[in-house]
J.: 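If you scroll down you'll find the structure; I have some questions about it.
Since we're looking at a predicted model, the values are computed, not measured.
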Amino acid sequence: MTSSESKRYSDFIRDIITGDLVAGKNNSRVHTRFPPEPNGYLHIGHAKSICLNFGIAAEFGGLCNLRFDDTNPVKEEVEYVESIIEDVRWLGFDWGDRLCYASDYFEQMYQYAVELIKMGKAYICDLSADEIREYRGTLIEPGKESPYRNRSVEVNLDLFSRMRTGEFPDGSRTLRAKIDMSSGNINMRDPVIYRILHARHHRTGNTWCVYPMYDFAHCISDSVERITHSICTLEFEDHRPLYDWFLYQLNIYHPQQIEFARLNLSYTVLSKRKLVELVEGGYVIGWDDPRMPTIAGLRRRGFTTESVVNFCERIGVAKRDSIVDIALLEHCLREDLNKRAPRIMAVLRPLRVVIVNYPEDKTEELDAINNPEDQGMGTRKVPFSRVLYIERDDFREDPPKEFFRLAPGREVRLRYAYYIRCAEVIKDNKTGEIIELRCTYDPQTRGGDSSDRRKVKATLHWVSAKHAIEAEVRLYDHLFLKADPNEVEESKDFKSNINPKSMGALNSCRVEPSLANAKPDSRYQFERLGYFCVDPDSSKNKLVFNRTVTLRDTWAKIEKKQKIGS
RNA sequence: UGGGGCGUCGACAAACGGCAAGUCAGGAGACUUUGGAUCUCCCAUCUGGAGGUUCGAAUCCUCCCGCCCCAGCCA
């Protein structure tokens, strides 16, 4: 490991673990787990947790399990477990043979529940859901004890086994822990630990009709897997006393739960409920829509594993609520892509340029560098001929101050080709739209250097009209208009902040011929424009690209300022 | 009004009683066959506020203020 790779990210969780190791706790073992519920796709917030759990295991020479927290059959599906496995793998992590499921421990959990009953620490309650809510009290008032709270152990045991055998309908009874109805912590007011659900489970089928609740299942899963540090998000802080209570009562191996603040990112939402709403409401194309903050979405958008992992390391881990600027994510992306993406030339909004003093039937093959950041990536040939396309944005008939690009009478360089000068602007008679530029070239500037060292202020990208390949390019912008999508007018919700221009497609783009056989998922820098990747929608006769992220655009910034100033 | 947390630059985030790191964003400049990349410099005399302890406080104590989470048979 080089010195640049060995930089360590320190945070309060790693500090706790280091302290435990020094104290010789857990026989110096470190064992974490990432415990998603398979009821949706993973997003970048999960990536933070994945990087934390797997990262800590790797750093401390420990292990990390991938465990599905599949205790609610009505919401969970195999599609989700499959996507989660794929996404964690894509992030570069490995759980060896420790692919676990809470459902693997159902029998064990049931037996632990029986034990609690025998200890007089749990009882069958016949209250309905509504009644339980009423009995629970409020944030400021204590709850009332259930009339079923003092049933005998024998009755409880009998009822619990009959719940298991399916004798009772859904919702008719629950198993509850007997703790303290007056606790200030509502989680301790006799929480439900088993409910009746006559639902088919994606792994256990119809074996069960009673399912454990999160609080009961999670601590036991952690315990049986001998997890040392059970890392979760802040909203579970209130549940820690219950986590500890179960393990203490059962007198079994007791992992330590540690909570950290979940990730929030500007201009997007990271709540599973909202993401589901976007998908099911048709606001996006699907879970892998390139605008989605899901791992699948980021992947399709063209993000690299390295950039996502690096981002997760850079944002740190703490307990305070925060919203990370999405610009940091984009920075990590550009930083990575700059080093690895081959450069090519592509014109998104073509403007026809005829080089009037260039022979009609001539074609030259010019040398272009594949990546100035990495000479090892070599060079390629780019064809040049009389009729070209340049970017419409690169020409202004009436150039504003500080616009360095092409304008009537002005000379610029075509990258790797020649200096050209704009001689004439051809417009459509009716619409006045500029349809073509007539330019002259200087044969002495082949390759882009002039022998007289005369300077030009701009270098433009271009493609040869007759050699270029037509392509579709999909452009993306932030999914939401506001940094905080939840900031809404009364009676509206986050969806009212959706950016109507978050996606757009350009259909007559032209890319250089070297891309003829570009494979799905391959990434390129389109010079001066941004990073793009080949979308899986591409076919042999039609290339489709996604714009992953733009390049930093100093001119756009200047132009914006000028507009504000005027 | 109960319980649990949290307040350090525009955004993240270090500092663990010894004199406010770093990163992103932003600004200025250099360089440039990508207005990209790269490089240089600037950007908290101050840590939510007020007191106190101390030679010394972002760090310890007290009291305020603000924000987040909890009343699923979801996780």
J.: Taking side-chain hydrogen bond (donor to acceptor under 3.5 Å, both in side chains) as the test, write out the residues that go with A:Glu559, two or more places apart.
T.: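 For A:Glu559 the side-chain hydrogen bond (donor to acceptor under 3.5 Å, both in side chains) partners, ignoring immediate neighbours, are A:Arg396.
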J.: Heavy atoms within less than 4.0 Å of RNA chain B: which residues of residues 183-192 of chain A have one? Give them sorted by number.
T.: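 Residues of residues 183-192 of chain A under 4.0 Å from RNA chain B: A:Gly184, A:Asn185, A:Ile186, A:Val192.
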J.: By the 4.0 Å heavy-atom rule, please label A:Glu37 as base, sugar-phosphate, or nothing.
T.: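 Sugar-phosphate: the residue A:Glu37, judged by heavy atoms under 4.0 Å, touches backbone atoms but no base.
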J.: Could you list the donor-acceptor pairs under 3.5 angstrom formed between side-chain atoms of residues 12-23 of chain A and any protein atom two or more places apart in sequence or on another chain?
T.:
| unit_1 | atom_1 | unit_2 | atom_2 | d |
| --- | --- | --- | --- | --- |
| A:Arg14 | NE | A:Tyr9 | O | 3.3 |
| A:Arg14 | NE | A:Asp11 | OD2 | 2.6 |
| A:Arg14 | NH1 | A:Glu59 | OE1 | 3.1 |
| A:Arg14 | NH1 | A:Glu59 | OE2 | 2.5 |
| A:Arg14 | NH2 | A:Asp11 | OD2 | 3.2 |
| A:Thr18 | OG1 | A:Arg14 | O | 2.7 |

J.: Apply ring-ring contact (aromatic ring centres under 6.0 Å, His included) to A:His218 and list each qualifying residue two or more places apart in sequence or on a separate chain.
T.: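 A:His218 satisfies ring-ring contact (aromatic ring centres under 6.0 Å, His included) with A:Tyr214 only.
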J.: Does A:Arg320 place a side-chain N or O at less than 4.0 Å from the phosphate oxygens OP1/OP2 of B:rG48?
T.: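 Looking at the OP1 and OP2 atoms of B:rG48, neither is under 4.0 Å from any side-chain N or O of A:Arg320.
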J.: Please enumerate all residues that pass side-chain hydrogen bond (donor to acceptor under 3.5 Å, both in side chains) together with A:Lys560, with sequence neighbours excluded.
T.: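 A:Lys560 satisfies side-chain hydrogen bond (donor to acceptor under 3.5 Å, both in side chains) with no residue once adjacent residues are dropped.
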J.: How would nucleotides 35-41 of chain B be written as a contact map, 5' to 3', with B for base contact, S for sugar-phosphate-only contact and - for no contact, using protein heavy atoms under 4.0 Å?
T.: BBS----
J.: Counting runs of three or more consecutive pairs, Watson-Crick or G-U wobble, with each distance below 3.5 Å, where are the stems of RNA chain B?
T.: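 Paired runs of 3+ in RNA chain B: B:2-7 with B:65-70, B:10-12 with B:22-24, B:26-30 with B:38-42, B:48-52 with B:60-64.
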J.: Can you list everything that forms a ring-ring contact (aromatic ring centres under 6.0 Å, His included) with A:Tyr110? Sequence neighbours excluded, please.
T.: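 Partners of A:Tyr110 under the ring-ring contact (aromatic ring centres under 6.0 Å, His included) test: A:Phe160, A:Trp208.
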J.: Go through the structure and list residues passing ring-ring contact (aromatic ring centres under 6.0 Å, His included) with A:His239, not counting sequence neighbours.
T.: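 By the ring-ring contact (aromatic ring centres under 6.0 Å, His included) rule, A:His239 matches A:Phe236.
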J.: Return the 5'-most residue of the pair A:Glu527, A:Gly316 with respect to RNA chain B, ranking by each residue's nearest nucleotide.
T.: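 The residue mapped nearer the 5' terminus is A:Gly316.
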J.: Once salt bridge (Lys or Arg N to Asp or Glu O under 4.0 Å) is applied, what residue pairs with a partner in residues 170-187 of chain A remain, sequence neighbours excluded?
T.: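 Qualifying pairs: A:Asp126-A:Arg173.
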J.: Using the benzene-type ring in the case of Trp, are the ring centres of A:Trp462 and A:Phe384 under 6.0 Å apart?
T.: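 That pair passes the under 6.0 Å test.
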J.: Taking only residues two or more places apart in sequence or in another chain, which ones pass side-chain hydrogen bond (donor to acceptor under 3.5 Å, both in side chains) with A:Tyr267?
T.: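 Result, side-chain hydrogen bond (donor to acceptor under 3.5 Å, both in side chains) vs A:Tyr267: none returned.
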J.: Between A:His331 and B:rC24, does any side-chain N or O lie under 4.0 Å from OP1 or OP2?
T.: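 Looking at the OP1 and OP2 atoms of B:rC24, one of them is under 4.0 Å from a side-chain N or O of A:His331.
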J.: Answer with base, sugar-phosphate or nothing: what part of the nucleic acid does A:Leu328 contact at a heavy-atom distance below 4.0 Å?
T.: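 Sugar-phosphate, no base atom in range.
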J.: Taking only residues two or more places apart in sequence, or in another chain, which ones meet A:Phe34 in a ring-ring contact (aromatic ring centres under 6.0 Å, His included)?
T.: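 With neighbours one apart ignored, the set is empty.
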